[in-house]
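Encoded as structure tokens, the structure appears first; notes follow it.
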2 protein chains.
Amino acid sequence: MFVIGELINGMYSNIALALKDHNKKIVQTCALEQIASGADALDICCGPASQNPLIDMPWLVETVQEVTDKPLCLDSSNPKVIQEGLKAAKNKTIINSTTADAEKLEILIPLAKKYKSKLIGITISAQGIPQNKDQRLELAATILTQAGEQGFPIKDLYLDPIVMPINVAQNQIQDILAALLEFKLISQPSPKTIIGLSNISQGSKVRSLINRAFLTMAVASGLDSAILDPKDKELMDALITAELVLNKNIYCDSYLEAYRKK
Amino acid sequence: MFVIGELINGMYSNIALALKDHNKKIVQTCALEQIASGADALDICCGPASQNPLIDMPWLVETVQEVTDKPLCLDSSNPKVIQEGLKAAKNKTIINSTTADAEKLEILIPLAKKYKSKLIGITISAQGIPQNKDQRLELAATILTQAGEQGFPIKDLYLDPIVMPINVAQNQIQDILAALLEFKLISQPSPKTIIGLSNISQGSKVRSLINRAFLTMAVASGLDSAILDPKDKELMDALITAELVLNKNIYCDSYLEAYRKK
């Protein structure tokens, strides 16, 4: 599982504060803590706190790069903000994200190719959020087809079925799990799959427990990557154990420590 | 999920002690604690501590029946011990278990019919433990065919794919999960599925975490029933949350409390 830490995001008060004064220390501490907890990459999102994301995104990228060479997941719905991040990046990058809309695909696929970036394709469109598995598959096929036609390497494409909060769309969760399995089957080579995990428990009271249950099931559905809070130790324990149960890491009594050391 | 409490078993020291002096209090406390923790039924097993299971099994049944009318899961590899339990039972019963061997099926299916008991069919035979999913399906088909031919109601048959400890058969766990899904497809009406959960972590150091991950995945594979430790609160929380994620109980912020109250 490729774990992308979610905590460098202007929607969190510490990062909002850091953006205000361009305080490097806060951002770098957040980066290093996530990596120490098991993050393989770091999401970078200016969020609603940013007055000027075209400046803040490259500043965040440069700030984080000073302390780590882990891949950076450039998170914005504005392609121009992503482009500023890509320009500043020396580390490997993942674009987060394109939708299935033509105007997004026409900008972001060439951008991903130009900067040799991976790309997250989220199965939504201007028509809104899909209501079932088939609509997710249809949007996934649109993204895959466009990526294929533009010569983007499919192994570098991460499809996101868009996780809905359980308190508003409980009946869609099984469809989302099924979509994860089926995304892998609609092209050869297979695209990768990814989720923004915390969405599942947005607005719920018992967040970590719901996150753990859903992540465990998603791992059983072949999930390749998740954007999550790596500092939630119980969540990381559940993830490591889910992969153990599925024989992705060899069993030993101290498998949790062994995984964390590697 | 139909939860069968596993704790009335002579392999545990408190029950071994109770069997020695026929101490009702110990057994009844164990029964009531499991029910208070969410058990829908109770496994009853004399275990290796019993000098005379033909006497101890009906004693355990009568002792438990004094404090609850929950179904009893009569657990022995010896059909004569099960028969003594059935004779003593006023509560509903589940026979735990028959193998796929003809000599077991020929005794235990008629016994289940005679006493209107449910029946667990475990996919092992005198040839030993199956090594993969196909061998499990073959043994499941043998049990199903015999049950059908003898006019046993298939909806009362629980198929157990036999859970192996992860520290000895890690590569079989995915096959076991797949078998759970496929057992439901080999007959119409479908048989039910069941696992003896704790086997997965037998001999492991981090038991509850492994139990939780495997149970969560098994629930996603349509599992109907599990024999487990209901006093493991984290395990029960994981179970309730897994069913919530799969839309089997309606979401509310206090879903854990709501489930426990019902």
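Residue numbering restarts at 1 for every chain, and letters A, B, ... go by the order of the sequence lines.
- For the salt bridge (charged side-chain N to carboxylate O under 4.0 Å, His left out) condition, the pairs that include at least one residue of residues 194-214 of chain A, sequence neighbours left out, are A/Arg212-A/Glu234.
- Annotation: residues 174-195 of chain B contacts chain A through B/Gln174, B/Leu177 [non-hydrogen atoms, separation under 4.5 Å].
- How far CG of A/Leu209 is from OG1 of B/Thr241: 3.5 Å, rounded to the nearest 0.5 Å.
- For B/Ile240, no part lies near chain A; criterion is any non-hydrogen pair under 4.5 Å.
- Ranked by heavy-atom pairs under 4.5 Å with chain B, the first of A/Val219, A/Leu256, A/Asp253 is A/Asp253.
- Heavy atoms from other residues, nucleotides or ligands lying under 6.0 Å from CD1 of A/Ile154 number more than 12.
- Side-chain atoms of B/Ser204 and A/Tyr255, non-hydrogen and from C-beta on, never get closer than 4.5 Å to each other.
- Interface with chain A: from residues 166-173 of chain B, residues B/Ile166, B/Asn167, B/Gln170, B/Asn171, B/Ile173 qualify, criterion being any non-hydrogen pair under 4.5 Å.
- Contacts of A/Asn211 with chain B are absent, with no heavy-atom separation under 4.5 Å from either backbone or side chain.
- A distance of 10.5 Å separates OG1 in B/Thr216 from CG in A/Leu215, rounded to the nearest 0.5 Å.
- For the side chain to side chain donor-acceptor pair (under 3.5 Å) test, no residue two or more places apart in sequence or in another chain qualifies with B/Asp40.
- Taking 4.5 Å as the limit, every side-chain heavy atom of B/Leu246 sits out of range of all side-chain heavy atoms of A/Phe214.
- The candidate from A/Leu244, A/Ile200, A/Asp237 with the greatest count of non-hydrogen atom pairs under 4.5 Å with chain B is A/Leu244.
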